[in-house]
Structure formats: C-alpha cells, structure tokens
2 protein chains.
Amino acid sequence: MMEAAEYAIGDLARRTGTKVETIRWYERNQLMPQPARTAGGRRVYTRAHLDRLAFIRHARELGFPLDDVRALLRLTDAPEHSCAEADRIARGHLTAVRGRIARLRALEAELARMVADCGQGRVADCRVIEVLADHSHANCLHTDGHGGPEV
Amino acid sequence: MMEAAEYAIGDLARRTGTKVETIRWYERNQLMPQPARTAGGRRVYTRAHLDRLAFIRHARELGFPLDDVRALLRLTDAPEHSCAEADRIARGHLTAVRGRIARLRALEAELARMVADCGQGRVADCRVIEVLADHSHANCLHTDGHGGPEV
DNA sequence: CTTGCAACGTGTAGCCACTACAGGAGCAAG
DNA sequence: CTTGCTCCTGTAGTGGCTACACGTTGCAAG
C-alpha cells in the first residue's frame with residue numbers, strides 16, 4: 001500500500017495523534033488553512049496539510065504557546081529569511097522552561113518536607129495542615145509576589 | 001493599634017495578597033462562606049474568614065488544584081479526624097510535581113539542543129525549524145501519548 | 001451641605017488550548 | 001436497505017481566575 005495523496009480529517013488525526021475537533025479548531029483559529037471539500041462537504045487534506053499539522057503538534061508538545069507556533073509557521077514560509085527569529089523564540093521558551101523548573105523544584109522541596117513531617121496522627125497535629133494554615137508564611141518559599149501563570 | 005475584629009473585602013485582599021475579584025470568585029465557588037453584610041450591602045469579614053483565605057492562598061501557591069484545596073479545607077473542620085487524607089493529597093501532589101519536573105527537564109534538553117545547533121543562517125537550514133518539522137520524531141522525546149494537561 | 005473620590009456592588013466577557021457534547025448528514029460494507 | 005462509522009456545524013464547558021462596565025456606598029474636605 002502506498003501513501004495516499006488525499007486525507008480525510010480522521011486520517012490526519014490518526015497520523016498526527018491529534019483529535020479531530022482540535023484540527024477543526026486549528027482551522028477556525030487560522031493555524032491550519034481551509035482545505036478543499038468533497039461534494040458532501042467533507043474536508044479533503046493534502047500532504048502539505050499533514051506536514052503543517054505535524055509541525056504544529058510537535059511545537060505544542062515542546063510547550064510553545066500558539067502565538068509562538070504561528071510565528072514559527074510564518075518563518076517556514078520564508079526559507080531564505082534569516083532564522084534569527086526562530087532562534088530568539090526558542091531561546092525565550094527555553095528560558096521560560098528553566099524558570100518553571102526552578103519554581104517547581106522549590107515547590108517539590110516544600111511539599112517533600114511537609115509530607116515527611118506528617119506523623120499520620122490527628123488533623124489537629126498534622127504538619128501538612130499546619131504549614132498550609134501558617135499565616136506568617138514562616139516556612140514558605142519566598143515568591144516575589146507577581147505570581148505568574150503557574151508555578 | 002490593635003487588630004480589627006472586622007474586615008472589608010479590601011482589607012482581606014491586602015492582608016493575603018489576593019485580588020478583590022478573586023475573593024468574590026471564591027465566594028461564588030463555595031471556597032469562602034458568604035459573609036455578613038452592612039446595611040449598604042458591603043461584605044463584612046471576621047478573623048475566621050481571614051485565616052481561611054490565607055489557607056486557600058497558601059495551598060494555591062503550592063500548586064494544589066482547587067478540588068484539593070476544598071478537600072483540605074474540609075479536613076481543617078474536623079481536627080480530631082486522622083490526617084491520612086491530608087497526607088495522601090500532599091503526596092499525590094508531590095508526585096505530580098515531580099512528574100512535571102521530569103517532563104520539563106526532557107523538554108529543556110531538547111530545546112537546548114535545538115538552539116545550540118542553530119547556526120543563525122537561513123530558515124532553510126535552521127535546526128530549530130528542522131526539528132519541529134521532523135515528522136518522524138526521530139529526535140523527539142518519547143512522550144507516552146496520553147499527553148496530560150501540559151508538559 | 002455638597003462635592004469628590006476611592007472602595008465597594010453586580011454581572012458579563014475574556015484568557016488558553018482545547019474538549020465534549022447535541023443533533024444531524026454522508027458514505028461504505030453487508 | 002440497514003447498520004454503523006465517520007463526518008458536519010454550533011455551542012458550551014474546563015481551571016482559575018482577570019478585566020471590564022456601570023452603578024452604589026461611605027467617608028472626608030471644603
């Protein structure tokens with residue numbers, strides 16, 4: 001069996017590990033172009049669509065937000081252009097990932113300390129509850145206040 | 001000056017570093033009980049409210065989802081009960097945090113490799129774009145498919 | 001007493017990146 | 001022709017808030 005030149009939406013979904021609804025969502029949100037349609041109104045995709053969707057999914061797996069994905073997609077359409085922009089986006093994302101790792105590690109330490117100290121007794125003596133209720137934040141990691149999207 | 005026994009919503013916000021809208025949102029979503037009101041309709045909080053809000057915020061800072069926070073709050077209302085449940089929740093969360101750290105580290109490695117290999121030339125030769133476009137996923141981290149909420 | 005203004009009230013919409021339906025139509029195999 | 005899968009559109013929901021819009025309350029200064 002050879003590669004088909006046309007794909008139904010379900011084929012694209014299977015080949016890229018994407019849900020059908022997500023592909024339609026990408027179309028509505030301009031990440032995927034509108035494909036041709038059959039007489040009955042079904043979407044007909046080409047190899048180019050498949051490649052583009054695979055690119056999007058791969059970038060998403062790497063945690064790039066969709067705005068970054070959009071920018072990277074624009075770059076793939078200009079292969080003679082300098083790739084400094086792609087580098088900048090990837091470096092920015094790397095920095096963000098490193099920041100999240102750092103915060104998660106501080107968190108991990110605090111959680112580990114919490115559960116290590118829990119003697120499995122009554123709630124009134126529970127270290128987990130105690131730490132959470134500690135209004136003074138004496139044992140707390142010193143977050144800088146701005147918070148951010150997530151730890 | 002001594003501690004006031006009653007607080008306006010703005011006082012609670014300042015003392016816990018929470019936005020006023022967030023406090024009202026917690027009330028709508030049953031995390032905070034409905035407080036008394038003044039004749040003019042303004043919310044009047046007590047010390048108990050302040051403590052409860054501080055507890056919620058502290059748990060959120062540690063990344064506990066609201067459903068976990070709800071469960072932990074129920075435990076604080078039963079101080080004679082065993083704290084095994086609190087321990088279970090905290091351990092579960094610790095496991096989740098460790099999983100996220102592991103995935104982020106794999107990600108970090110892949111991103112670092114991407115940008116290290118980018119020669120800042122044309123997009124056609126860019127390693128960043130190339131890795132993303134790699135349909136075979138030959139250089140990809142082996143995610144197990146289920147994905148999860150986020151990397 | 002009036003005026004000004006911050007803090008408060010409600011209600012709704014938006015964020016991200018999907019996901020999950022409901023309710024119907026197309027289409028291939030048996 | 002029926003069965004059963006895939007597909008269509010459209011809408012609403014997720015988590016955990018955040019941001020408005022627009023109206024009211026409450027307090028102090030003039």
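Proteins get letters first, then strands, A, B, ... in listed order; numbering begins at 1 in each.
A heavy atom lying under 4.0 Å from DNA chain D marks the following residues of residues 20-27 of chain B, by number: B:T22, B:W25, B:Y26.
The CG-C1' distance, from A:L31 to C:dA17, rounds to 10 Å in whole Å. Here C:dA17 presents its C1' atom at 16 Å from CZ of A:F64, a figure rounded to the nearest Å. When the C1' atom of C:dA13 is taken as reference, atom CZ of B:R28 falls 12 Å away, rounded to whole Å. Distance B:R43 CZ to C:dA7 P: 17 Å, rounded to the nearest Å. As a whole-Å value, the separation of B:R37 CZ from D:dG26 C1' is 16 Å. Going from atom CG of A:D68 over to atom P of C:dA17 covers 9 Å, rounded to whole Å. Atom-to-atom, OH of B:Y45 to C1' of C:dA7 comes out at 14 Å; the value is rounded to the nearest Å. B:L12 has its CG atom 10 Å from the P atom of C:dC8, to the nearest Å.
Two residues are said to be in side-chain contact when any heavy atoms from C-beta on lie closer than 4.5 Å; A:R42 and A:R37 fail this criterion. At a threshold of 4.5 Å between non-hydrogen side-chain atoms, the residues A:R47 and A:E6 do not count as touching. At a threshold of 4.5 Å between non-hydrogen side-chain atoms, the residues A:R100 and B:I101 do not count as touching. Looking at heavy atoms from C-beta onward, A:I129 lies in side-chain contact with B:F55 at the 4.5 angstrom threshold. Looking at B:N29 and B:L66, their side chains never come closer than 4.5 Å, going by heavy atoms from C-beta outward.
A:Y7 and A:R14 are not linked by any side-chain donor-acceptor pair at a separation below 3.5 angstrom, with hydrogens and angles left out of the test. For B:Y45 and B:R15, the side-chain atoms include no donor-acceptor pair closer than 3.5 Å.
Heavy atoms of A:R14 sit nowhere under 4.0 angstrom from any nucleic acid atom. A:R57 comes within 4.0 angstrom of the backbone, heavy atoms only, and of no base.
OP1 or OP2 of D:dG16 has not a single side-chain nitrogen or oxygen of B:K19 nearer than 4.0 Å.
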Revision key, fill the gap. Its contact letters, B for base, S for sugar-phosphate only and - for none at protein heavy atoms under 4.0 Å, make nucleotides 24-30 of chain C read --BS---
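The side chain of B:R60 lies closest to D:dG16 when the candidates are D:dC8, D:dG16, C:dC8.
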Exercise for review: Quick one: do A:L62 and B:M114 satisfy side-chain contact (heavy atoms from CB on, under 4.5 Å)? Show the steps, please.
Suggested key: CA-CA 11 Å; A:L62 289 172; B:M114 257 169 61; 4.0 Å; yes
Using a 3.5 Å cut-off and no angle test, enumerate the donor-acceptor pairs between side-chain atoms of residues 74-81 of chain A and protein atoms at least two apart in sequence or in another chain.
{"unit_1": "A:T76", "atom_1": "OG1", "unit_2": "A:L73", "atom_2": "O", "d": "2.6"}
{"unit_1": "A:E80", "atom_1": "OE1", "unit_2": "B:R122", "atom_2": "NH1", "d": "2.7"}
{"unit_1": "A:E80", "atom_1": "OE2", "unit_2": "B:R122", "atom_2": "NH1", "d": "2.9"}

